[in-house]
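See structure below.
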Amino acid sequence: MVVRRPEINLAIQALTLQRLVPGSTAQIHRGRLNWFGDVQPTPDTRSYSLRLKAAVGQTPSVRVLRPALQPNEDGWLPHVYDTGDLCLSEYGDWHPRMLFADTYVPWAMEWLMYYELWLATGLWYGDGPDNLDDVSQSSILHRVR
């Protein structure tokens with residue numbers, strides 16, 4: 001017999017996020033969670049202010065609030081959606097029985113580490129060495145609005 005864990009409610013998500021990132025804040029209103037926290041991916045990178053938005057039964061989204069992400073000279077950024085939210089995972093990587101503190105925040109910190117490398121080199125190392133050719137690089141850049 002397979003026992004499925006229930007979906008994790010937003011209050012538990014908020015508490016685990018606040019435990020993961022001391023000083024962060026969480027607000028739950030009408031079935032929606034807004035979490036704000038400052039993270040530093042590595043000791044050698046800057047700090048970033050993040051916002052995670054989530055609603056019951058929906059995939060969460062994460063956005064960098066500060067400092068503003070810097071597009072390349074053509075106005076493009078790697079692995080962001082048109083909304084400005086970070087592209088952190090593929091479909092099916094997350095489900096509502098997983099904690100945001102174990103998934104989306106660490107994924108965002110990893111994204112930020114690769115972003116810092118991209119700023120320095122112009123290459124997005126987050127997709128692995130087999131995807132570092134010019135065609136692959138151009139396919140992951142998105143126009144910043």
Side-chain angles (χ1 to χ4, degrees), residues 1-72 76-121 123-133 135-145:
M1 176 168 77
V2 175
V3 176
R4 279 185 74 158
R5 294 185 328 191
E7 291 185 12
I8 299 172
N9 71 47
L10 294 179
I12 298 296
Q13 295 283 16
L15 288 171
T16 59
L17 287 167
Q18 290 177 296
R19 179 180 285 168
L20 176 68
V21 181
S24 64
T25 61
Q27 305 158 341
I28 300 172
H29 183 68
R30 296 185 183 199
R32 297 190 179 282
L33 166 67
N34 279 302
W35 172 84
F36 301 89
D38 294 334
V39 299
Q40 185 175 7
T42 74
D44 297 324
T45 60
R46 66 188 104 189
S47 267
Y48 293 89
S49 294
L50 301 179
R51 179 191 70 208
L52 181 144
K53 289 173 57 175
V56 175
Q58 295 180 359
T59 302
S61 63
V62 177
R63 181 176 294 197
V64 175
L65 301 177
R66 287 179 307 281
L69 297 175
Q70 298 300 309
N72 68 11
W76 297 81
L77 276 170
H79 280 281
V80 294
Y81 295 107
D82 292 339
T83 60
D85 296 332
L86 305 182
C87 177
L88 300 175
S89 64
E90 294 182 12
Y91 179 77
D93 287 345
W94 180 85
H95 56 80
R97 294 178 309 278
M98 299 170 81
L99 290 168
F100 303 149
D102 291 339
T103 54
Y104 274 85
V105 172
W107 293 343
M109 291 177 64
E110 181 181 34
W111 188 100
L112 289 165
M113 183 186 67
Y114 289 125
Y115 167 73
E116 294 265 344
L117 287 170
W118 176 77
L119 286 176
T121 66
L123 292 175
W124 184 260
Y125 290 94
D127 285 347
D130 56 330
N131 291 323
L132 294 179
D133 58 274
V135 173
S136 295
Q137 284 293 308
S138 65
S139 71
I140 61 171
L141 294 175
H142 304 277
R143 176 79 59 196
V144 179
R145 294 182 186 193

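Applying the ring-ring contact (aromatic ring centres under 6.0 Å, His included) rule to Trp111 yields the partners Tyr115, Trp124; only residues at least two apart in sequence or on another chain are considered. Ile28 is linked by a side chain to side chain contact (heavy atoms under 4.5 Å, CB included) to Leu10, Ala11, Ala14, Leu33, counting only residues two or more places apart in sequence or in another chain.
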(message) Show, in sequence, the C-alpha distance, side-chain angles and deciding distance for Leu50 and Arg63, and conclude whether the side-chain contact (heavy atoms from CB on, under 4.5 Å) test is met.
(response) CA-CA 6 Å; Leu50 301 179; Arg63 181 176 294 197; over 6 Å; no
(message) Go through it in stages, so that I can follow the logic: the residues are Phe36 and Ser24, the test is side-chain contact (heavy atoms from CB on, under 4.5 Å), and I'd like the CA-CA distance, side-chain angles, deciding distance and then a yes or no.
(response) CA-CA 6 Å; Phe36 301 89; Ser24 64; over 6 Å; no
(request) Output, in order, the C-alpha distance, side-chain angles, deciding distance and verdict of side-chain contact (heavy atoms from CB on, under 4.5 Å) for Val21 and Val39. (result) CA-CA 7 Å; Val21 181; Val39 299; 4.2 Å; yes
(request) Evaluate the side-chain contact (heavy atoms from CB on, under 4.5 Å) criterion for residues Thr59 and Tyr104: first the C-alpha distance (whole Å), next the side-chain angles of each, then the deciding distance (0.1 Å), finally the verdict. (result) CA-CA 10 Å; Thr59 302; Tyr104 274 85; 3.1 Å; yes
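Across Ile8 and Met98, no two heavy atoms sit closer than the pair CD1-C, 3.7 Å. Here the closest heavy-atom approach between residue Pro71 and residue Trp118 is recorded as C-CH2, 4.1 Å. Between Trp107 and Asp93, the shortest heavy-atom distance links the atoms CH2-O, 3.8 Å. Closest approach of Met109 and Pro41 over heavy atoms only: O-CB, 3.5 Å. Taking all atoms of both residues into account, the shortest heavy-atom contact from Leu20 to Ala101 is CD2-O, 3.5 Å. Closest heavy-atom contact between Pro67 and Arg46: CG-CD, 3.7 Å.
Looking only at side-chain heavy atoms (C-beta outward), Trp94 and Pro96 come within less than 4.5 Å of each other. Taking 4.5 Å as the limit, every side-chain heavy atom of Glu7 sits out of range of all side-chain heavy atoms of Gln13. When side chains are defined from C-beta on, Thr16 does not count as touching Phe100, because their heavy atoms never get closer than 4.5 Å.
Between atom CG of residue Leu117 and atom OG1 of residue Thr45 there is a gap of 10.0 Å, rounded to the nearest 0.5 Å. Expressed to the nearest 0.5 Å, how far CG of Leu17 lies from CD1 of Ile12 amounts to 11.5 Å. Going from atom CD of Gln40 over to atom OG of Ser47 covers 4.5 Å, rounded to the nearest 0.5 Å. Considering CE of Met113 and OH of Tyr125, their distance stands at 12.0 Å, rounded to 0.5 Å.
Counting non-hydrogen atoms of neighbouring residues, nucleotides and ligands closer than 6.0 angstrom, the CZ atom of Arg97 exceeds 12 such neighbours. More than 12 heavy atoms of other shown residues, nucleotides or ligands fall within 6.0 angstrom of atom CZ in Arg51.
With 3.5 Å as the limit, one finds a donor-acceptor pair spanning the side chains of Asp85 and Thr83. Between the side chains of Glu116 and Tyr48, a donor-acceptor pair is found at a separation under 3.5 Å. Using modelled atom types, one finds a donor on one side chain and an acceptor on the other under 3.5 Å when comparing Asp38 with Ser49.
The closest donor-acceptor contact from the side chain of Gln27 to the backbone of Thr25 lies at 3.5 Å or more, if one exists at all. A distance-only check finds no donor-acceptor pair linking the side chain of Gln18 to the backbone of Gly23 [under 3.5 Å].
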